Amino acid sequence: MTSNPAREAAVEAVTAAVAEAGLDVEIPREGSFLVTIPGNAKLKTLVWLEAGPHSLTLTSFFCRQPDENHGDFYRWLMQRSAEMFGMAFTADEVGDVYLRGRLPLSGVTREEVDRLLGCVLTYTDENFNAALERGFASAIRKEWAWRTERGHDTRNLRAFAHLAEQPE
């Protein structure tokens, strides 16, 4: 295999950025990183970084396909994407939503990796609850009712208390 100095520098930049941020990381193979970012709205976000021959690709699962309100849900995500730096929301063939970005190897620095990981955290935390409200409101209402009827804890649903008070 021939040497690729740009790829090697990108791998070093990712390694340094993740270590400096103190994030948990798994390296299943050379040039591939699975980084765990703790959050608030979404408690844990996994980010897959892959240094290829020409670019660094970033992929992070955001949420599964919505149960309802598909048009508004995807339109809202597309509008969010227009304002985002270095990445956008995308959907796979079944409709599950990801954050996805690509950067040429020449642009991969420790600072840029840190910025992109920060963007993933920001975009996930700022949009997660609103996305769930748009695509999963009925399921949230049912879960809230089920828990309250049985006296179970609703602490992790508090952000959605207003949905429980609205009729379906």
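Because the structure is predicted, anything quoted here is derived from the model rather than measured. The residues of the chain are indexed from 1 along the displayed sequence.
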> How many angstroms lie between atom CZ of R134 and atom CG of N129, to the nearest 0.5 angstrom?
Replying inline: 11.5 Å
> Got a sec, which residues hit salt bridge (Lys or Arg N to Asp or Glu O under 4.0 Å) with R150, two or more places apart in sequence or on another chain?
Replying inline: none
>> Test of understanding: with side-chain contact (heavy atoms from CB on, under 4.5 Å), list the residues that count as partners of E133, not counting sequence neighbours.
In response: F160, H162, L163
>> Among residues at least two apart in sequence or on other chains, which ones pass side chain to side chain donor-acceptor pair (under 3.5 Å) with D67?
In response: R64
> Is I27 linked to V18 within one hydrophobic cluster, defined over Ile, Leu, Val, Met, Phe, Trp and Tyr using a side-chain heavy-atom separation of less than 4.5 Å?
Replying inline: yes
Listing, residues 33-44 side-chain donor-acceptor contacts under 3.5 Å, not counting sequence neighbours, or none:
unit_1: K42; atom_1: NZ; unit_2: F61; atom_2: O; d: 2.7
unit_1: K42; atom_1: NZ; unit_2: F62; atom_2: O; d: 3.0

Check residues 105-112 and write down every donor-acceptor pair under 3.5 Å in which the side-chain atom is one partner and the other belongs to a residue at least two apart or another chain.
unit_1: T109; atom_1: OG1; unit_2: E111; atom_2: OE1; d: 3.4
unit_1: T109; atom_1: OG1; unit_2: E112; atom_2: N; d: 3.0
unit_1: R110; atom_1: NH1; unit_2: E20; atom_2: OE2; d: 3.1
unit_1: E112; atom_1: OE1; unit_2: R115; atom_2: NE; d: 3.1
unit_1: E112; atom_1: OE1; unit_2: R115; atom_2: NH2; d: 3.0
unit_1: E112; atom_1: OE2; unit_2: R115; atom_2: NE; d: 3.2

>> Count I, L, V, M, F, W, Y as connected when their side-chain heavy atoms are under 4.5 Å apart, and connections chain through other members. Are L23 and V14 then in the same cluster?
In response: yes
> What closest approach, in Å, do L116 and G86 show between heavy atoms, and which atom pair accounts for it?
Replying inline: CD2-CA, 4.2 Å
> In terms of hydrophobic clustering (I, L, V, M, F, W, Y; side-chain heavy atoms under 4.5 Å; direct or indirect links), are L56 and W48 co-clustered?
Replying inline: no
> Parallel under 30°, tilted from 30 to 60°, perpendicular over 60°: which one fits the rings of H152 and W146?
Replying inline: parallel
> Is a side-chain donor or acceptor of Y123 paired with a backbone partner of F85 at a separation under 3.5 angstrom?
Replying inline: yes
>> Checking the side chain of S32 only, and the main-chain atoms of P28 only, is there a donor and an acceptor separated by less than 3.5 Å?
In response: no
>> Using a 6.0 Å cut-off, check whether atom CD of E26 has over 12 heavy atoms from anything other than its own residue.
In response: no
> Considering all heavy atoms of both residues, which atom of P66 and which atom of G95 are nearest to each other, and what is their separation?
Replying inline: CD-O, 4.3 Å
> In the single-linkage hydrophobic clustering (I, L, V, M, F, W, Y; side-chain heavy atoms under 4.5 Å), do W76 and I140 co-cluster?
Replying inline: yes
> So which heavy atom on C119 is nearest to which on M87, and how close?
Replying inline: CB-CE, 3.8 Å
>> Run the side-chain contact (heavy atoms from CB on, under 4.5 Å) test against H54 and tell me which residues pass, sequence neighbours left out.
In response: none
> Under the side chain to side chain contact (heavy atoms under 4.5 Å, CB included) criterion, do T124 and L99 qualify, and how do the steps go?
Replying inline: CA-CA 8 Å; T124 298; L99 282 168; 3.6 Å; yes
>> Using the side chain to side chain donor-acceptor pair (under 3.5 Å) criterion, which residues pair with D72? Sequence neighbours excluded.
In response: N69
> Sequence neighbours excluded, which residues qualify as salt bridge (Lys or Arg N to Asp or Glu O under 4.0 Å) partners of E50?
Replying inline: R29
> Y74 and Q65: side chain to side chain contact (heavy atoms under 4.5 Å, CB included), yes or no, with the steps?
Replying inline: CA-CA 10 Å; Y74 291 115; Q65 66 174 321; 3.9 Å; yes
> Is there a donor-acceptor contact under 3.5 Å from the side chain of T148 to the main chain of A145?
Replying inline: yes
>> Taking side-chain contact (heavy atoms from CB on, under 4.5 Å) as the definition, give me every residue that meets it alongside P53, ordered by chain and number, with sequence neighbours left out.
In response: N4
>> Counting C-beta onward and ignoring hydrogens, is there a side-chain heavy-atom pair between V120 and L58 closer than 4.5 Å?
In response: yes
> Would you say M84 and V97 are hydrophobically clustered, going by side-chain heavy atoms of ILVMFWY under 4.5 Å?
Replying inline: yes
> Who are the side chain to side chain donor-acceptor pair (under 3.5 Å) partners of E8, not counting sequence neighbours?
Replying inline: S3
> Which residue pairs pass the salt bridge (Lys or Arg N to Asp or Glu O under 4.0 Å) test when at least one of the two sits in residues 73-101, sequence neighbours left out?
Replying inline: none
> Would a 4.5 Å heavy-atom cut-off, applied to side chains only, mark F73 and C63 as touching?
Replying inline: yes
>> With heavy-atom distances below 4.5 Å as the criterion, would you say the side chains of L117 and V47 are in contact?
In response: yes
> In chain order, what residues pass the side chain to side chain donor-acceptor pair (under 3.5 Å) check against Q79, with sequence neighbours excluded?
Replying inline: none
